[in-house]
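Note that the numbering runs from 1 along the sequence shown for the chain. Values reported hereafter were calculated over all heavy atoms of this structure, with side chains retained and with hydrogens, waters and symmetry mates removed.
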Amino acid sequence: MIMKKALFIDRDGTIIVEPPVTEQVDTLEQLEFLPAAIGALSSIAELDYELVIASNQDGLGTESYPEERFYTIHNKMLDTLKGEGVIFDDQLIDPTFAHEGSPNRKPGTGMFGKYMSGEYDLAASYVIGDRLTDVELAKNLGAKAILITADVERIKALGELPYSDVCVLVTNSWREISEFLRTTERAATVVRKTKETDIEVSVDLDGKGTSGIDTGLKFLDHMIDQIVHHAGVSLTVKAKGDLQVDEHHTMEDVAIVLGEAIIKALGNKRGIGRYGFVLPMDECKALVLIDFGGRIDFEWDVEFTKDYVGDVPTEMFKHFFKSLGAAMSCNLHIAAKGENNHHLAEGIFKGFARALRMAIKREVFSYELPSSKGVL
């Protein structure tokens, strides 16, 4: 099951300018957006996050701060953003004062029960705000924080605070926030435990090519490591399987979990290349065709002349890639010829990695869906 993600976004001082004395926007004339906030939010709205306003509004509903005045301004802000494609899925607004100690007041999590029910991947969600209490809220939720502030250098002293580990970006630029979210969202971790295997795979499609592969099968580790280097992704695979029985369950389940992690990390697939690759490997040649079009089809035209390469049975390579393609919901066609079985297997994995590299490559600010149907 793919869990939901959310962006919990503060209002005053984050989306709109907060008046320095009253810290309260009281008139339409005072309504002013932070520089580049509208364009950045429009860009972010295309990503796979639910957008949630999370705001403390001290004394809202009291005589000094009537709801009518607040919502006249608030709704104008929402209408302006809606005109640029920014629609909030939820609004969490606490009207209490700090001295009341309400559990609903940020950084308390009383308003966030819906998001703490297990349906949301809070570790992959963010709180965006202009105060240290927003960072503390992220800590309390188990999310990450983005702090937007004009005083970047002073706030970077966050490293001395106990919740600094959750603050992944300190900036004075909404453009930087947009770019950060668009280039770091494509990561996923999938865990699968059965009576036969215990597997965890983490992938970052925009990673730095780092890896840690341990499947219990040394040759399979070597082959999966080719994906890291030739696809340009970061990948860790930890697998414990019933190798005392045979290699089947381990290889099958590693392929399934790897495929599920890749497709989860791809998200809505906007901006990707979708297709991809053929390469030579010494005396071998490998052709790998891939299409992340959402339909599953698999073809295999490879003949090995040995039963094993290293500690891996060659008959399992077909099953590995068939399981991988099905888990990625893609078309995957593989054909390879050669004399050396090691080179043949390696050529296939490298070909797959290069095909994957082409298919997942994304134009960050050209965010169209690569389909004439409008659906993948």
**OP:** Not counting sequence neighbours, which residues clear side-chain hydrogen bond (donor to acceptor under 3.5 Å, both in side chains) with Asp10? List them please.
**Re:** Thr14, Lys106

Original post:
Got a sec, which residues hit ring pair (Phe, Tyr, Trp, His ring centres under 6.0 Å) with Tyr120, two or more places apart in sequence or on another chain?
Top reply: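 For Tyr120, the residues satisfying ring pair (Phe, Tyr, Trp, His ring centres under 6.0 Å) (neighbours in sequence not counted) are Tyr115.
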
Subject >> Set of ring pair (Phe, Tyr, Trp, His ring centres under 6.0 Å) partners for Phe219, sequence neighbours left out >> reply: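 Partners of Phe219 by the ring pair (Phe, Tyr, Trp, His ring centres under 6.0 Å) criterion, ordered by chain and then number, come out as His342.
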
With sequence neighbours left out, what residues match [X] under salt bridge (charged side-chain N to carboxylate O under 4.0 Å, His left out)?
X	answer
Arg11	none
Asp253	Arg192
Asp26	Arg69
Glu18	Arg131

Original post:
Distance-only, no hydrogens or angles: does the Asn340 side chain make a donor-acceptor pair with backbone N or O of His343 under 3.5 Å?
Top reply: yes

Original post:
Does Asp79 CG have over 12 foreign heavy atoms under 6.0 Å away?
Top reply: yes

Original post:
Which pairs pass ring-ring contact (aromatic ring centres under 6.0 Å, His included) with one or both residues in residues 10-36, sequence neighbours excluded?
Top reply: none

Could you pull out all residues at least two apart from [X] that satisfy side-chain contact (heavy atoms from CB on, under 4.5 Å)?
X	value
Asp214	Asp221
Ser211	Ile213, Asp225, Val228
Pro107	Thr133, Glu136, Leu137, Asn140

Original post:
Please, which pairs that meet salt bridge (charged side-chain N to carboxylate O under 4.0 Å, His left out) have at least one residue in residues 81-98, sequence neighbours excluded?
Top reply: none

